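These notes concern the structure reproduced below.
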Amino acid sequence: MSDGSPAPSAAHDAAATGHRGDLWAARACVVAAALLWSTSGLFAKARIFDDWDPATRGLYLAFWRAAFAAGVLLPAARRVRWHVLLPVMIAAFTAMNVLYLSAMARTTAANAIWLQCTAPFWVLVLGPWVWREPFDRRNLLPLAFGAAGIGLILACELQSGTSGASRQGLWFALGAGVAYAVVVLSLRALRGEHPVWLVALNHLAAALALAPFVLRDGPWPSPAQLGVLAAFGVLQMGVPYVLFARGLQHLPSQEATLIALCEPVLLPVWVWLAWGEVPAWWTLAGGALILAGLLLRYGRRG
């Protein structure tokens, strides 16, 4: 006589279905985060900030974006508690923001975002050796395509007679990629913590670290600029990081970082449509190589 419990095979199938559902929901969170992240060029390249010095614009944008994001996210933070990895995550997050927005002010949006996408390579190196994450051999092919794409962008940019500031922007973007990888790995290691708490803490700490420099020396934004900065912080930074952190609760950091390459595919498109900034052919070709690797990895089932 049955006790009403599901048969072992049925229970196993239900568990497998639930796991697959969690994986696809996590992937959807990362895709949504990438779509929102891809609007960064619309804000960072906005003509409304043309009166800010390009040499320090990235620092100012990083502060205001972090401050507005923290103001919205902190009231929603839950399970506020200390963890030994928090300082590592915070330092990497602050560095990533300043380096990326400084690169955006010095070189094209396409160069800045694609060179930040060296992050999967650093995740691949640091994940197994530092965080003891298992290495997935299926990621080798997209990483090879990514290496080819990034190498093409760097080689052509450095040989094209770009200005010193533009070259500096390239190295800032590469540094942002290293910092981004550490943020990803930290969020993965901290997946037991509440994601809103982690994201809010990142933004608050970044804003506090940058405040002495910006509030002392920086220009005070006009009301119109403040409105744009508020949207920058909340919609482009705060909300997508919550989504990304939720995705990392069920996805390996290598996979999440690769899926997030949707962001650099779309970002130059938005900047071109909004501000008329046309990427060089080598940036488009390099981006196409990175995208091809992503599609080869995730364009099939399994």
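Residue numbers count from 1 along this sequence. Just so we're clear, the structure is a prediction, and the values are computed from it rather than from any experiment.
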Is there a side-chain contact (heavy atoms from CB on, under 4.5 Å) between T39 and L235 once you walk through the steps? CA-CA 9 Å; T39 64; L235 299 179; over 6 Å; no
Please step through ring-ring contact (aromatic ring centres under 6.0 Å, His included) for the pair Y241 and F93, ending with a clear verdict. CA-CA 11 Å; Y241 258 100; F93 184 86; 5.3 Å; yes
Evaluate side-chain contact (heavy atoms from CB on, under 4.5 Å) for M104 paired with F172, printing each intermediate quantity in order. CA-CA 9 Å; M104 188 79 73; F172 281 165; over 6 Å; no
Please lay out, stage by stage, how H250 and D22 fare under the test side-chain contact (heavy atoms from CB on, under 4.5 Å). CA-CA 7 Å; H250 298 286; D22 288 339; 4.0 Å; yes
Output, in order, the C-alpha distance, side-chain angles, deciding distance and verdict of side-chain contact (heavy atoms from CB on, under 4.5 Å) for W220 and L215. CA-CA 8 Å; W220 188 260; L215 298 181; 4.1 Å; yes
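Using a 4.5 Å heavy-atom threshold, the side chains of L284 and P279 count as touching. A heavy-atom distance below 4.5 Å is not found between the side chains of L74 and H203. The side-chain heavy atoms of R188 and Q249, taken from C-beta on, include no pair separated by under 4.5 Å. At least one side-chain heavy atom of I90 sits under 4.5 Å from a side-chain heavy atom of N202. Side-chain contact check for I150 versus W114: every heavy-atom pair is 4.5 Å or farther apart. L229 places a side-chain heavy atom less than 4.5 Å from the side chain of L61. A heavy-atom distance below 4.5 Å is found between the side chains of L101 and R65. L99 places none of its side-chain heavy atoms less than 4.5 Å from the side chain of W171.
Nearest heavy-atom pair across Y60 and P219 is CE1-CD, 3.3 Å. Closest of all the heavy-atom pairs between R57 and A105 is CB-CB, 4.4 Å. Between P268 and V265, the shortest heavy-atom contact is CD-O, 3.7 Å. Between V242 and V199, the closest heavy-atom pair is N-CG2, 3.8 Å. Taking every heavy atom of both residues into account, A112 and A173 meet most closely at O-CB, 3.6 Å. Closest of all the heavy-atom pairs between L267 and W37 is CD1-O, 4.4 Å.
Within the 3.5 Å criterion, the main-chain N or O of Q225 finds a donor-acceptor partner in the side chain of S222. For E277 (side chain) and W272 (main-chain N/O), no donor-acceptor pair under 3.5 Å exists by modelled atom type. Not one N or O on the side chain of T94 forms a donor-acceptor pair closer than 3.5 Å with the backbone of A91. R246 places no side-chain N or O within 3.5 Å of a backbone atom of A26 that could act as its donor or acceptor partner. Side-chain N or O atoms of R106 include one that pairs as donor or acceptor with a backbone N or O of S102 at under 3.5 Å. Using modelled atom types, no side-chain atom of K45 and backbone atom of S40 make a donor-acceptor pair closer than 3.5 Å. With T108 contributing its side chain and N111 its backbone, the two residues share a donor-acceptor pair below 3.5 Å. The backbone N or O of R47 lies less than 3.5 Å from no partner atom in the side chain of W275, so there is not a single donor-acceptor pair.
Of the inter-residue distances, the one linking R27 atom CZ with L23 atom CG reads 5.0 Å to the nearest 0.5 angstrom. Of the inter-residue distances, the one linking T56 atom OG1 with D217 atom CG reads 8.5 Å to the nearest 0.5 angstrom. The line from SG of C29 to CG of L243 is 5.5 Å long, rounded to the nearest 0.5 Å. To the nearest 0.5 Å, atom CG of residue L59 and atom CG of residue D53 are 11.0 Å apart. In this structure, T283 OG1 and I113 CD1 are separated by 12.5 Å, a value rounded to the nearest 0.5 Å. Summarising the geometry, atom CE belonging to M89 is positioned 5.0 Å from atom CG belonging to L198; distances are rounded to the nearest 0.5 Å.
A salt bridge does not link R79 to E193: none of the charged side-chain nitrogens sits closer than 4.0 Å to a carboxylate oxygen. Using a 4.0 Å cut-off between a side-chain N of Lys or Arg and a carboxylate O of Asp or Glu, E157 and R167 do not qualify as a salt bridge.
Under a hydrophobic clustering in which Ile, Leu, Val, Met, Phe, Trp and Tyr are joined whenever their side-chain heavy atoms come within less than 4.5 Å, directly or via other members, L187 and L86 fall into the same cluster. In terms of hydrophobic clustering, with Ile, Leu, Val, Met, Phe, Trp and Tyr side chains grouped at heavy-atom distances under 4.5 Å, V184 and W197 are assigned to a common cluster. Put simply, W270 and F232 are part of the same group of oily side chains (I, L, V, M, F, W, Y) that touch within less than 4.5 Å, one to the next. Linking Ile, Leu, Val, Met, Phe, Trp and Tyr residues whenever their side-chain heavy atoms come within less than 4.5 Å leaves L36 and F244 in two separate clusters. Linking Ile, Leu, Val, Met, Phe, Trp and Tyr residues whenever their side-chain heavy atoms come within less than 4.5 Å places W64 and F213 in a single cluster.
For W122, the CH2 atom sits in a loose shell: 12 or fewer heavy atoms of surrounding residues, nucleotides or ligands are nearer than 6.0 Å.
Partners of R78 under the salt bridge (Lys or Arg N to Asp or Glu O under 4.0 Å) rule, at least two apart in sequence or in another chain, do not exist in this structure.
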